[in-house]
J.: 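Pasting in a structure now, in structure tokens, and then I'll have a few things to ask.
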Amino acid sequence: MSQVRVRFAPSPTGFFHIGSARTALFNWLYARHTGGVFILRIEDTDKERNSEQFLKVIYDSLRWLGLNWDEGPQVGGAFGPYRQSERAAVYAEYLEKLKAAGRTYEKDGATWFKLMGERYEAYDEHRKKTVTKVKVAPTVIEDRIRGRVERVEDEDFVIVRSDGNPVFHFVNVVDDIAMRITHVIRGEDHLSNTSKHVELFKAFGAPVPAFAHIPLILKQNGPGKMSKRDQGALIEEYQKRGFLAEALVNFLCLLGWNPKDDREKMAIADVIALFDLPGVNQSNARFDEKKLAHMNMVYLLALPTERFAALAKAYFQTHAAGAAVLADEAYFREIMLLAQPKIKGMEELPAYTAYFFTEDFAIDPKVKDKIMVKGEPKVRLGELIAALATMEVSSDTAIEEAIKALATSRSLGFGDYQAVARLALSGTNAGPSITAMIRVLGRERATARLAKFLAGA
RNA sequence: GUCCCCAUCGUCUAGCCCGGUCAGGACGUCUCCCUUUCACGGAGAUAACCGGGGUUCGAAUCCCCGUGGGGACACCA
């Protein structure tokens with residue numbers, strides 16, 4: 001069989017959303033699995049609604065996700081141009097073929113595609129008007145995911161608007177023919193358009209590609225499919241929020257497809273090896289941000305520390321707080337290493353590490369109330385300050401030994417110092433070990449924080 | 001309204017095609033363990049075959065009908 005050629009054909013009329021990303025991903029996976037060609041085609045025939053800004057978002061998002069295209073804008077290819085707005089000549093040529101075959105007619109200034117069959121009038125309940133229908137045999141769609149689907153396509157439809165611009169159904173099919181597309185993998189919302197498309201392929205005398213309609217992603221709360229306005233719908237959003245692209249891609253792979261065993265975290269190469277169209281689910285899937293967050297954490301934990309530090313740096317740079325935090329690179333790196341095993345996502349980073357970068361951090365009043373009533377926290381603090389003056393602070397173990405020795409000398413445990421020291425050092429009750437905090441903060445700053453807290457308590 | 005698609009824990013899903021499993025995994029939630037806080041991790045608990053009819057010795061699995069969910073019905077894509 002000849003080489004597989006698939007295309008992702010977004011239209012730049014809004015931000016790039018998660019359903020589109022998954023459609024792109026499944027096309028890409030299928031191309032990579034079969035050694036085929038993944039084509040990016042921009043469907044920008046609606047001049048009113050398209051924008052260059054959205055086009056850039058599509059390119060950026062695909063690149064971020066790692067979905068490189070073999071043919072398309074910016075990379076070229078033998079079947080270009082790949083933006084429909086630049087393909088007017090191709091459409092004119094194909095329109096002539098259809099006209100020559102007697103499959104078109106003009107009405108109200110527009111060009112219509114003519115179905116073959118006996119015509120009759122019928123009242124349409126939905127559109128509240130009488131329409132002309134055609135007696136036709138059902139169109140058969142052989143879908144690689146759903147099997148055989150039959151649908152009656154019994155009304156002529158517009159292929160070129162009265163303003164001269166060709167419409168989606170027409171250009172979509174023409175380009176699929178011209179670009180030698182072998183498999184059309186797209187959302188299920190297109191399934192009922194497919195009968196129109198099949199009739200067009202047949203009218204052109206062109207081979208009908210294989211279709212594969214993938215299920216839709218439903219919004220996590222409330223009815224309906226996920227739309228661009230829904231929370232968590234935009235790819236760009238995840239990028240901004242510091243999600244790992246690998247994690248998002250892995251999550252998306254599992255929304256509607258699975259390896260048939262218990263694996264969830266999978267290298268993309270393994271997904272490529274296993275991915276196939278019949279393995280795609282037929283039912284819609286509800287988007288679950290908690291599962292995505294978990295996947296992101298799993299990837300974050302597995303990240304080499306240097307890569308994590310680099311990503312953390314990039315995150316701070318794009319989120320205002322930047323300059324002050326990044327002033328001392330080595331210091332910043334130390335803190336990121338402490339934070340990596342503790343956080344679920346990059347978004348938690350600024351709040352989680354804030355007290356390392358300022359002496360002006362807030363003391364959580366609730367935590368304070370809890371800690372200051374147990375034992376003799378002030379006495380413990382005084383002892384710790386004294387011990388800090390002479391203890392070795394170059395390593396976590398040295399600090400731990402010193403505090404343990406102090407505790408033993410008072411017949412106490414490490415824990416008797418831990419909570420109050422943490423509160424004084426960070427203002428909270430959650431975070432890295434206090435030994436690491438003291439080491440990174442250094443003797444002077446640690447001592448100063450303990451003393452300041454003691455004075456205020 | 002018409003047409004099309006779909007239906008297993010709250011969610012993502014395995015199992016269905018080729019009927020016989022305590023209906024498996026993961027997220028979430030809860031409990032316990034680990035522990036120097038918080039996380040991570042470990043152990044456990046929770047929870048599902050939409051309903052009704054068939055077919056069959058036997059149905060989550062095959063068939064039909066309901067119901068429910070989703071999608072499409074533009075000179076948008």
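Within every chain, numbering begins at 1; the chains are lettered A, B, ... in the order of the sequence lines, protein sequences first and strands thereafter.
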J.: Can you check the distance between B:G25 and B:A47, where both ends of the measurement are the P atom (answer in whole Å)?
T.: 14 Å
J.: Passes side-chain hydrogen bond (donor to acceptor under 3.5 Å, both in side chains), A:Ser85 versus A:Asp44? Steps please.
T.: CA-CA 6 Å; A:Ser85 55; A:Asp44 53 353; 2.8 Å; yes
J.: For B:G68 versus B:C76, give the span between their P atoms, rounded off to a whole number of Å.
T.: 34 Å
J.: Between A:Asn258 and B:A14, is there a side-chain N or O to OP1/OP2 distance below 4.0 Å?
T.: yes
J.: List in chain and number order the residues that pass salt bridge (charged side-chain N to carboxylate O under 4.0 Å, His left out) with A:Lys128, two or more places apart in sequence or in another chain; answer none if no residue qualifies.
T.: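 Testing A:Lys128 for salt bridge (charged side-chain N to carboxylate O under 4.0 Å, His left out), a comparison that skips the adjacent residues, returns A:Glu125.
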J.: Go through the side-chain N and O atoms of A:Glu199 and A:Thr139 and say whether any donor and acceptor fall under 3.5 Å apart.
T.: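 The answer is yes; a qualifying pair exists.
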J.: Paired with B:C50 by Watson-Crick or G-U wobble geometry, both distances under 3.5 Å: which nucleotide is it?
T.: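 For B:C50, the partner nucleotide comes out as B:G66, under the 3.5 Å rule.
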J.: In whole Å, what separates the C1' atom of B:C75 from that of B:G71?
T.: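 After rounding to an integer number of Å, I get 23 Å for this pair.
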J.: Need the glycosidic conformation of B:C40: syn if within 90° of 0, anti if not. Which one?
T.: syn
J.: Any protein N or O atoms within reach of nucleotides 9-12 of chain B? Criterion: under 3.5 Å, listing atom names and distances.
T.:
{"residue": "B:C12", "atom": "OP1", "partner": "A:Arg286", "partner atom": "N", "Å": "2.8"}
{"residue": "B:C12", "atom": "O2'", "partner": "A:Leu254", "partner atom": "O", "Å": "3.2"}

J.: Compute both the distance and the angle, then confirm whether A:Lys56 meets the cation-pi test with A:Tyr59: under 6.0 Å from the six-membered ring centre, within 45 degrees of the axis.
T.: no
J.: Report, one pair per line, the protein and nucleotides 39-50 of chain B atoms (nitrogen or oxygen only) whose separation is under 3.5 Å.
T.:
{"residue": "B:A39", "atom": "O2'", "partner": "A:Lys342", "partner atom": "O", "Å": "2.9"}

J.: Write down the distance between CD (A:Glu150) and P (B:C5), rounded to a whole number of angstrom.
T.: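 One finds 9 Å between P of B:C5 and CD of A:Glu150, rounded.
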J.: Say we look at B:A26 and B:U36: how far apart would their C1' atoms be, to the nearest angstrom?
T.: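 About 31 Å, rounded to a whole number of Å.
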J.: Using a 4.0 Å heavy-atom cut-off, write out nucleotides 72-77 of chain B from 5' to 3' as B (base contacted by protein), S (sugar-phosphate only) or - (no contact).
T.: SBSBBB
J.: Could you check which residues of residues 131-144 of chain A get a heavy atom under 4.0 Å from RNA chain B? Sort them by number, please.
T.: none
J.: What residues, two or more places apart in sequence or in another chain, satisfy side-chain hydrogen bond (donor to acceptor under 3.5 Å, both in side chains) together with A:Glu121?
T.: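 Only A:Thr132 meet the side-chain hydrogen bond (donor to acceptor under 3.5 Å, both in side chains) criterion with A:Glu121.
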J.: List the steps, then state whether ring pair (Phe, Tyr, Trp, His ring centres under 6.0 Å) holds for A:Phe26 with A:Phe275.
T.: CA-CA 9 Å; A:Phe26 281 16; A:Phe275 186 86; 5.2 Å; yes
J.: Say you pick atom C1' in B:A60 and the same atom in B:A23; how far apart are they, in whole Å?
T.: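 Looking at atom C1' only, B:A60 and B:A23 are 8 Å apart.
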